[in-house]
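The figures here come from the full heavy-atom set of this structure, side chains too, leaving out hydrogens, waters and symmetry mates.
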Amino acid sequence: MHFLILNGPNLNLLGTREPEVYGDTTLEELMQLCAEWAGVLGHTTTALQSNHEGELIDQLHAARGVVDAIVFNPGALTHTSYALHDAIASIDIPTVEVHISNVKEREEWRAESRIAPVCVHTIYGRGTEGYRDAIAHLHYRAVSPPVSISYGPEPHQVGDLRIPNGEGPHPLAVVVHGGFWRHQWTRDTIEALAVDLTNRGFASWNLEYSRSGLSRCDASDDISLAVATRTLLAHDYPIDIGRTVLIGHSAGAHLALEAAAATPVAKVVSLAGVTNLVRADSEGLGRGATTSFLDGAEPGPHCPTELLPIGVPVLLVHGTDDESVPVSYSDEFERDALARGDSVQYLRLDGVNHSQIIDPNHSSWVKVATLLEESLLSE
């Protein structure tokens, strides 16, 4: 694939313009990083920047038949330009809107995007690495196209379903992303894992859910609803609901464990999980993320440790070098779950950090995937 990395007004000032907001990476340095990120996935890039709306429109038009996907940061034109909206809609090239800063938590006018409705995804508030995530999303969207399946009436109550080759029925891996329940972290962050699971023979359903920061976070209700209604997938797809594994990373592991306690599945996997909300709330884990998630509610009713026994086999996976969620969370959960009679398998991985555990090319994930294949694909 060939990517166009397109930047709008004032992005040429990166590195000097409000570094407390946009960082100190220059545009030239960022575009070199984009070329490297795309190169790892086997792709190439062209980088262009303009401070003029008409020139950006011309560049979008010129991309037809030349590029396969676009990563676009329109700058402040994001919030005003219906012309850019129409240009993206006219060229039929998958485009990801990306912003370095958290536009949802700045001035009110920045929260509204005119181009988001015609983009395949929007990424914001992740710093310059949002460009990396945009490239990765366009890559995985191309190599393993998903079908978006709603599990409820709200726009965020949706998951990307991928079905492996072969007749099936296939075991179902329900995947729940992390990000401390915050709204800037979405299901694209665990997409590589979902694709890898599909390549291994699992139907993967990568769920989105309500995240905190924009409104009250009802993530627990969302994941429980999705798990409870997953049987609807088997009406249209070759899926064996009886072989459902629920996989969550970080805060997503909390949601997976909570949902599994309410609606039994064949197995639940906690990858670097926030397994104790009472402790996380008292410690201010994730810069107070748990407090924001709870929004005044008591942590106990949502706390996996308080819900023991879960009642289904649990696979705990945690790296000793995890600086986001200390490995002691899984250490303590294993002890308490075994004491309450749960079946627990624990992979305590020396030298592994928080993100490596969801990298399909890392040995830690290969160990997890092998265990899942042995327990669910061989049935």
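Remark: His156 pairs with no residue by the ring-ring contact (aromatic ring centres under 6.0 Å, His included) rule, at least two apart or across chains. Listed by chain and residue number, Arg110 satisfy the salt bridge (charged side-chain N to carboxylate O under 4.0 Å, His left out) test with Glu107 (two or more places apart in sequence, or in another chain).
The six-membered or imidazole ring of Tyr209 lies near that of His177, with a centre-to-centre distance under 6.0 Å. Residues Tyr124 and His183 place their aromatic rings such that the two centres sit under 6.0 Å apart.
What you find for Ser210 and Ala219 is that their closest heavy atoms are O-CB, 3.3 Å. When every heavy atom of Phe180 is checked against every heavy atom of Ser324, the shortest pair comes out as CZ-O, 3.8 Å. When all heavy atoms of Leu225 and Tyr151 are compared, the closest pair comes out as CD2-O, 3.5 Å. Leu193 and Ile358 get closest at one heavy-atom pair: CD1-O, 3.5 Å. Between Leu56 and Pro9 the shortest heavy-atom distance is CD1-CD, 4.1 Å. Considering all non-hydrogen atoms of both residues, Ile88 and Cys119 come closest at CD1-SG, 4.3 Å.
One side chain, Asn73 or Tyr131, offers a donor N or O that lies under 3.5 Å from an acceptor on the other. For the residue pair His99/Ser113, the side-chain donor-acceptor check at 3.5 Å is not satisfied. For Ser364 and His362, the side-chain atoms include at least one donor-acceptor pair closer than 3.5 Å.
Side-chain atoms of Phe72 and Leu6, non-hydrogen and from C-beta on, do get closer than 4.5 Å to each other. Side-chain contact between Glu36 and Val40 is absent, with no heavy-atom pair separated by less than 4.5 Å. You'll find the side chain of Glu332 stays beyond 4.5 Å of the side chain of Thr275, heavy atoms only. In this structure, the side chains of Phe333 and Ile310 come closer than 4.5 Å at one or more pairs of heavy atoms. Counting only heavy atoms from C-beta outward, the side chains of Pro171 and Leu377 approach each other to under 4.5 Å.
Under a cut-off of 6.0 angstrom, the local environment of CG in Asp321 is crowded, with over 12 non-hydrogen atoms contributed by other residues, nucleotides or ligands.
Without hydrogens or angle criteria, Ser282 side chain to Arg279 main chain gives a donor-acceptor distance under 3.5 Å. No donor-acceptor pair closer than 3.5 Å links the side chain of Arg162 to the backbone N or O of Thr198. Judged purely by atom type and a 3.5 angstrom limit, Asn51 uses its side chain to pair as donor or acceptor with the backbone of Asn10. Between the side chain of Thr320 and the backbone N or O of Gly351 there is at least one donor-acceptor pair closer than 3.5 Å.
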Check your understanding: How far apart are the C-alpha atoms of Glu306 and Leu277, what are their side-chain angles, what is the distance that settles it, and do they pass the side-chain contact (heavy atoms from CB on, under 4.5 Å) test?
Key -> CA-CA 9 Å; Glu306 300 290 325; Leu277 261 61; over 6 Å; no
Check your understanding: Hey, mind stepping through His121 and Thr186 against side chain to side chain donor-acceptor pair (under 3.5 Å) and telling me if it holds?
Key -> CA-CA 10 Å; His121 194 45; Thr186 60; 3.2 Å; yes
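Of the listed residues (Thr244, Val312, Leu372), just one forms a side chain to side chain contact (heavy atoms under 4.5 Å, CB included) with Lys267, and that residue is Leu372. Of the residues listed (Asn276, Thr291, Thr290), the one engaging Asp281 in a side-chain hydrogen bond (donor to acceptor under 3.5 Å, both in side chains) is Thr291, and it is the only one. Of the listed residues (Asp322, Val317, Val368), just one forms a side chain to side chain contact (heavy atoms under 4.5 Å, CB included) with Ile357, and that residue is Val317.
Relative orientation of the His302 and His254 rings is perpendicular, given thresholds of 30° and 60° on the angle between their planes. Ring geometry, His79 versus Trp109: the interplanar angle exceeds 60°, so the pair is classed perpendicular (tilted spans 30 to 60°).
With respect to the salt-bridge test (charged N to carboxylate O, under 4.0 angstrom), the residues Glu129 and Arg132 qualify. For the pair Arg200 and Asp196, the salt-bridge criterion is met [side-chain N within less than 4.0 Å of a carboxylate O].
Remark: Arg287 CZ to Leu285 CG distance equals 10.5 Å, nearest 0.5 Å.
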